[in-house]
Amino acid sequence: MPQAPGTLTKQQSHTQTLQPERYLVIMHNDDYTTMEFVIELLQQVFHKNAAEATELMLRIHQQGEALCGCYPFELAETKAATVHQKARQAGFPLRCSLRRA
């Protein structure tokens, strides 16, 4: 139906918020980094409580790796870089990697 001149129409707009792609931060076992240091990093960098950090450390030690968290790429990359920086400062070869979730 044609509209009369000067008539306003209401349009609906649908916006969809896209979620950023997420990445898993995986911590890997090595033969040099102390268990205490791994627990400390899990608490500081990934905000795990003492029980969660201990459980993850044991999983890393026994299975070779463990999932520390799932984040948007930039945050995952920052967390992995923080782990690497703190480990190097302490003289450990601890390593994290990223995997697409």
Side-chain angles (χ1 to χ4, degrees):
M1 170 184 248
Q3 296 180 359
T7 303
L8 298 176
T9 61
K10 182 178 178 181
Q11 291 184 339
Q12 292 183 351
S13 91
H14 296 284
T15 58
Q16 183 178 8
T17 305
L18 297 176
Q19 295 296 321
E21 191 170 13
R22 300 188 57 91
Y23 285 79
L24 307 174
V25 180
I26 310 294
M27 191 175 287
H28 301 273
N29 188 44
D30 63 67
D31 293 331
Y32 303 100
T33 307
T34 65
M35 293 178 177
E36 294 79 13
F37 185 76
V38 172
I39 290 171
E40 183 180 314
L41 284 180
L42 289 167
Q43 291 176 314
Q44 289 178 359
V45 178
F46 298 98
H47 308 289
K48 304 296 184 187
N49 64 41
E52 290 173 315
T54 301
E55 181 182 325
L56 280 172
M57 176 277 299
L58 289 172
R59 189 174 304 142
I60 293 164
H61 180 69
Q62 294 168 349
Q63 297 177 8
E65 65 182 30
L67 171 63
C68 297
C70 184
Y71 308 95
F73 178 74
E74 291 80 11
L75 185 54
E77 187 176 48
T78 300
K79 288 189 178 286
T82 301
V83 167
H84 293 154
Q85 177 187 22
K86 289 179 177 287
R88 299 309 169 265
Q89 287 173 346
F92 294 120
L94 186 63
R95 189 172 65 84
C96 281
S97 64
L98 304 182
R99 293 184 193 154
R100 186 173 281 143

[atom2] on [Y] to [atom1] on [X], rounded to 0.5 Å:
X	Y	atom1	atom2	result
Glu55	Asn49	CD	CG	9.5 Å
His47	Glu52	NE2	CD	12.0 Å
Thr34	Met57	OG1	CE	9.5 Å
Gln62	Asn29	CD	CG	10.0 Å

Honestly curious: do [X] and [Y] fall in one hydrophobic cluster under the side-chain, below-4.5 Å linking rule?
X	Y	answer
Phe92	Val38	yes
Ile26	Leu41	no
Leu24	Leu94	no

So [Y] and [X], do their side chains get closer than 4.5 Å, heavy atoms only?
X	Y	answer
Met27	Leu42	yes
Val25	Phe46	yes
His28	Cys96	no
Lys79	Thr82	no

Donor-acceptor check, side chain of Lys86 to backbone of Phe37, threshold 3.5 angstrom: yes or no?
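Not at all, since once roles are kept as given, no pair shorter than 3.5 Å links the two residues.
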Could you tell me whether the side chain of Arg88 and the main chain of Val83 form a donor-acceptor pair under 3.5 Å?
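Not a single qualifying donor-acceptor pair exists.
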If you take all heavy atoms of [X] and [Y], which pair is closest and at what distance?
X	Y	answer
Cys70	Arg22	O-NH2, 2.6 Å
Leu67	Leu56	O-CD2, 3.3 Å
Tyr71	Ala76	CB-N, 3.8 Å

Examine Phe73 together with Tyr23 and report whether their ring centres are nearer than 6.0 Å.
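Distance test on ring centres: under 6.0 Å, yes.
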